[in-house]
There are 2 protein chains.
Amino acid sequence: MTDHKEYLDQHGIKKTKQRILILNILSQAENIMTVEEIYLELSKQGVVISLSTIYRIMELFLAKGLVVKSIIPGNNKGVFSLKRLEHNHHLICLKCKKTVALKGCPLTEFERNVEQQTEFNIVDHNLELYGYCNKCK
Amino acid sequence: MTDHKEYLDQHGIKKTKQRILILNILSQAENIMTVEEIYLELSKQGVVISLSTIYRIMELFLAKGLVVKSIIPGNNKGVFSLKRLEHNHHLICLKCKKTVALKGCPLTEFERNVEQQTEFNIVDHNLELYGYCNKCK
DNA sequence: TTGCGAATGCTAATAATTTGCATTCGCATC
DNA sequence: GATGCGAATGCAAATTATTAGCATTCGCAA
């Protein structure tokens, strides 16, 4: 994903400096990030974007399907990650909150079954695994 | 689950009127509930339990593993559902927010694989499916 | 029945997120 | 390149969900 400007175009999102910066950060992040972490990462790069703008941009990315939102239990904050070409999920340590990105998603077939059973049109899902990492267990 | 008092005992949770009432509501609920919905359901039954107590009880149930917590997107509230003997997940309509409980869980095998790959000890997961119900699609 | 620690309810505090509004930006048009 | 308009941003204030402090009450064992 080298050209984020075009990526925004493709999704019908107007290009702004802030959106491109945030998209950069998300695309370089290995793991899920809170709004605050995005803010801090921007700060490290010497950029300040107001929190409300970050919230608005994440909401926009979410609505446009660029991003997935979930929560970490025991932590009332939204976390976001970019939807990759190869869609994936995260494993979260309940003690130290470390997160690990997993390869692949086991749900494709399950979703098809559920669509048939329920007459829903399934467009997305949210999956996180919780456990204890080898240090914390 | 006819005897909730014993159920609490088994999990090392002290029995109180409030906990038993909430457990009743959760066990009769087909779907996930917010703290507010629990509060309102109690009101319908002519019972008032303070919101902070409900929060505390849900936190306790969560810690003891009686309950699963997740979020509905576009809605910054925690939602809870009782862990059933037959563990399951929910499908949520992104438009009307209707939720449907699904039978079964497709993740057992996936979790075992992930445990081997990551050296995590996986204890739980969170899965919701999103889509549009037949009225909204 | 009594007593103690834990649970509850109230109110106030906190933390995350959202909103209103003035300013600035992106981009199309001249 | 200059101009203009609607959309995006930043700031500060408002909201909303959730948590914490503390006095009162409850559950249960002795």
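Here is the naming used below: chain letters follow the sequence lines, and residue numbers restart at 1 for every chain.
Listed pair B:K77 / D:dA17 meets the phosphate criterion, a side-chain N or O lying under 4.0 Å from OP1 or OP2.
When rounded to the nearest whole Å, the span between CG of B:L8 and C1' of C:dA7 equals 13 Å. A straight line from CG of B:L62 to P of D:dT18 spans 12 Å, rounded to a whole angstrom. Taking atom CG of A:L21 as the reference point, atom C1' of C:dC25 lies 14 Å away to the nearest angstrom. Atoms OH (A:Y39) and C1' (D:dC11) sit 11 Å apart, rounded to a whole Å.
Proximity note for A:K14 (side chain, C-beta onward) versus D:dT9, C:dA7, D:dG6: the nearest is D:dG6. For A:N76, taking side-chain heavy atoms from C-beta onward, the closest of the listed nucleotides C:dT8, C:dT18, D:dT19 is D:dT19. Side-chain atoms of A:Q18 lie closest to D:dT9 of the nucleotides D:dT18, C:dA6, D:dT9.
For A:Q45, the CD atom sits in a packed shell: over 12 heavy atoms of surrounding residues, nucleotides or ligands are nearer than 6.0 Å.
Using a cutoff of 4.0 Å between basic side-chain nitrogens and carboxylate oxygens, B:E115 and B:R112 are not scored as salt-bridged. Salt-bridge check for B:R56 with B:E59: failed, with every basic side-chain N at 4.0 Å or more from each acidic carboxylate O.
Each of B:G78 and B:K17 was assigned the nucleotide of DNA chain D with the nearest heavy atom; the assignment lying further toward the 5' end belongs to B:G78. Ranked by how close their nearest DNA chain D nucleotide is to the 5' end, B:V35 and A:T16 are led by A:T16.
Within residues 40-49 of chain A, no residue is approached by DNA chain C to less than 4.0 Å at the level of any non-hydrogen atom. For DNA chain D, the neighbouring residues in residues 51-60 of chain B, judged by any heavy atom under 4.0 Å, are B:S52, B:Y55, B:R56.
For the pair B:E37/B:I25, no side-chain contact is recorded, criterion being any heavy-atom separation below 4.5 Å from C-beta on.
Residues forming a side-chain contact (heavy atoms from CB on, under 4.5 Å) with A:Q117 (at least two apart in sequence, or on another chain): A:N113.
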